[in-house]
There are 2 protein chains.
Amino acid sequence: MPRKDTTTAARTSLPTAPYVRVKRFLKEGLAAGRWPTGTLMPSESELVAQFEVSRMTVTRAVRELQAEGLIDRVQGIGTFAAQLSRVSSTLTIRDLHEEILSRGHRHRAEIHLAKRERASAAVATRLGIQTGSTVFHTLMVHFENDVPLQCEDRYVNPACAPDYLSVDFTQVTPTNYLLQVAPLWEAQYSIEAGLPSEQEAQLLRLRHDEPCLVIVRSTERGGVPITIARLVHPGSRYMLSGQFKP
Amino acid sequence: MPRKDTTTAARTSLPTAPYVRVKRFLKEGLAAGRWPTGTLMPSESELVAQFEVSRMTVTRAVRELQAEGLIDRVQGIGTFAAQLSRVSSTLTIRDLHEEILSRGHRHRAEIHLAKRERASAAVATRLGIQTGSTVFHTLMVHFENDVPLQCEDRYVNPACAPDYLSVDFTQVTPTNYLLQVAPLWEAQYSIEAGLPSEQEAQLLRLRHDEPCLVIVRSTERGGVPITIARLVHPGSRYMLSGQFKP
DNA sequence: CAGTGGTCTAGACCACTCG
DNA sequence: GAGTGGTCTAGACCACTGT
C-alpha cells in the first residue's frame, strides 16, 4: 500500500497538503520566536516522525523555506533559523509602457536622440568595450497622459543589438525591444534621490531644483554588458512601491 | 535496483545534479528565445523521457523555475514561458545599524523624541486603531561616522510592543527591537524622492532644498499593523542598490 | 477519454560533520 | 559511527483541462 491512508483529520474543511502543514508549522514557530535567530531547528527526520509524512515531503517544505530565506541549512550539521532582519522584498521593475497602460493611461514617447557615437571612457568601461568604439545612444522622454514621467538616457552595446537604431521607439520601448533581442538575465541598479541635469529638467518640464528619483541600471548577460540606462523621474510624480512577504 | 545506473556522461568533469541539468536546459532555452513569452513548453513527461530521469526530478526543476517567475504552469493545460519583462529583483532592506557596521563604520543614534501620544486620524488609520488612542512615537537620527544618514520618524502600535518606550534606542535600533518582539511578517513600502521637512533638514544638517530619498514603510503581522516609519536619507549620502538575477 | 500538472511515498545512496 | 542534509527513483492517486 504505497498510498498512505488519509484517516487523519483535516477532512472537515480544507485537506491542506502535508508539505504546506509542515511549512506552516515552521513558519509560525519562527514568527512566534520559538527558534530565535541562529537556533537549531528540528531535523528532517524529526519532522518526518512528528508529521508522519515521508522525508521528501518534509524536504520540500524545508527547501522552500530556505529559498525564501527564512532558514539556513548546512549539510552534516542541521537547519537553523535565519536572520529575519535581512528580509528582502521583491521590487518588480516593469516596462514603463506596460505600467502606464495597466493604470489605464496613455503612454507616449518623445525621441530626442537616437544615433551612434564614439564611446567615452566612462561609457566604454561600463559597457566593456574600447574607448572610442561605436555605441548606440538614445535619449527620450516618456509621458503618462501627456505628463512627462521619465527621462531615459541609454547607451547600448552594438554587439548585442545591432539593429537597435532602426527601431521606432515611439512604438516600442527600448526595454521592450532589448528584452526581445536578449532577454535580460542579470542587472544591477541603484536608486537615489538627486537633482536633474539642466537638460533633464528642461525635458521633464521641471525646475532645476526639483528632486528626482534617479535609477541607474546596467544590464548584462553572461558577463557581456548589454546596456546602461539612467532613468530620471520627477519626485513629485513617481514612486516605487513594493512588499515584503516572507 | 532502485538506483539508476550512472553510465551517462558527465563523469569527466562535474557530476551536475540531474535536476540542475533540466533546469539549465529550460533556462538557457528561455534565454535563447526558444520559447517566446506565452509559448507552450515541454511537459513534465517529455522532460522525463528526454533526460531519462524520474518525474520528481523534473518536477523539482520546473517548480523552482516557477518560483523564480520564469514560467507559468496551469494544471490540466501545461507549462508556459512567462513574461520575462516582469523580472523582479530582491531589494534587501537591512537594519541600518548592521548595514553601517558591515561597512566597517561607526553607528550612532541621536534620540530626539520617545513618548506616548494621542493618535492623529492619519496615524490611527494606518495603525488600525482608534483616533485619539495611545501610540508610541519616536524620532531619531542615525549617524554613520558622525555624518547624519537617516532621520527615522516612527509610530508604533502599543498592543504589539508594550515595552517599546523603555528600550534604549542608542543601543538597539527600533527595527531590531521590533523584530525581536514580533518578527515582521509583512510590510509595504514606497520609495520616492522629495524634500525634507524643515525639522528633518535641520536634524540631517541639510539645506531645505536638498533632495532626499524618502522611504515610507508600514509593517503588519497577520493583518495587525505594528508600525509605520518615515525614513529620510540625504540624496547625496545614500543610495539603494540591488540586483536582478533571474 | 488521454494528457497535464500537484502531490505523496518508501526506500535508497551520497557527502558532510561531529564526537 | 551516528546524525545531518542533498539528491534520486519508480511508482501512485488526485484534480483539472481539453476533445
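Just so it is clear, the values below take in all heavy atoms, side chains as well, and ignore hydrogens, waters and symmetry mates. Below, chains carry the letters A, B, ... as their sequence lines are ordered, and counting in each starts from 1.
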### Message
Holding to side chain to side chain donor-acceptor pair (under 3.5 Å), I want the full list of residues that pass it with B:Tyr177, two or more places apart in sequence or in another chain.
### Response
none

#### Entry: Nearest-angstrom distance from the residue atom CG of A:Asp72 to P of D:dT4
18 Å

### salt bridge (charged side-chain N to carboxylate O under 4.0 Å, His left out) partners for A:Glu192, two or more places apart
none

#### Entry: Close approaches to DNA chain C from residues 73-81 of chain A, in residue order (heavy atom, under 4.0 Å)
A:Gln75, A:Gly76, A:Ile77

### Query
Can you list the residues that meet the salt bridge (charged side-chain N to carboxylate O under 4.0 Å, His left out) rule with B:Arg126, with sequence neighbours excluded?
none

### Query
Can you list the residues that meet the side-chain contact (heavy atoms from CB on, under 4.5 Å) rule with A:Arg103, with sequence neighbours excluded?
A:Glu99, A:Ile100, A:His105, A:Glu144, A:Leu149

### Task
Please list, chain by chain and in numerical order, all residues satisfying side chain to side chain donor-acceptor pair (under 3.5 Å) with A:Asp72, sequence neighbours excluded.
none

### Task
Give a yes/no answer on whether the side chain of A:Ser45 brings an N or O atom under 4.0 Å of OP1 or OP2 in D:dT4.
yes

### Message
Checking A:Val74 now: which residues fulfil side-chain contact (heavy atoms from CB on, under 4.5 Å) with it, not counting sequence neighbours?
### Response
A:Ile77, A:Phe80

### Query
Just how far, in rounded Å, is P of D:dG3 from CD of A:Glu46?
11 Å

### Query
Can you tell me how far the CZ atom of A:Arg237 sits from the CG atom of A:Leu213, to the nearest 0.5 Å?
13.5 Å

### Query
What residues, two or more places apart in sequence or in another chain, satisfy salt bridge (charged side-chain N to carboxylate O under 4.0 Å, His left out) together with A:Arg154?
A:Glu152

### Query
For D:dT4, does either OP1 or OP2 sit under 4.0 Å from a side-chain N or O belonging to A:Ser43?
yes

### Query
Which nucleotide, C:dC8, C:dA12, D:dC13, lies nearest any side-chain atom of A:Arg55?
C:dA12

### Task
Applying side-chain contact (heavy atoms from CB on, under 4.5 Å), name anything that partners A:Thr173, two or more places apart in sequence or on another chain.
A:Asp95, A:His97, A:His107, A:His142, A:Thr175, A:Asn176

### Task
Using heavy atoms and a sub-4.0 Å distance, could you list which residues of residues 56-66 of chain B are near DNA chain D? By number, please.
B:Met56, B:Thr57, B:Arg60

### Task
Please identify each residue that fulfils salt bridge (charged side-chain N to carboxylate O under 4.0 Å, His left out) with B:Arg230, with sequence neighbours left out.
B:Glu200

#### Entry: Contiguous Watson-Crick or G-U pair runs (3 or more, under 3.5 Å) in DNA chain C
C:3-18 with D:1-16

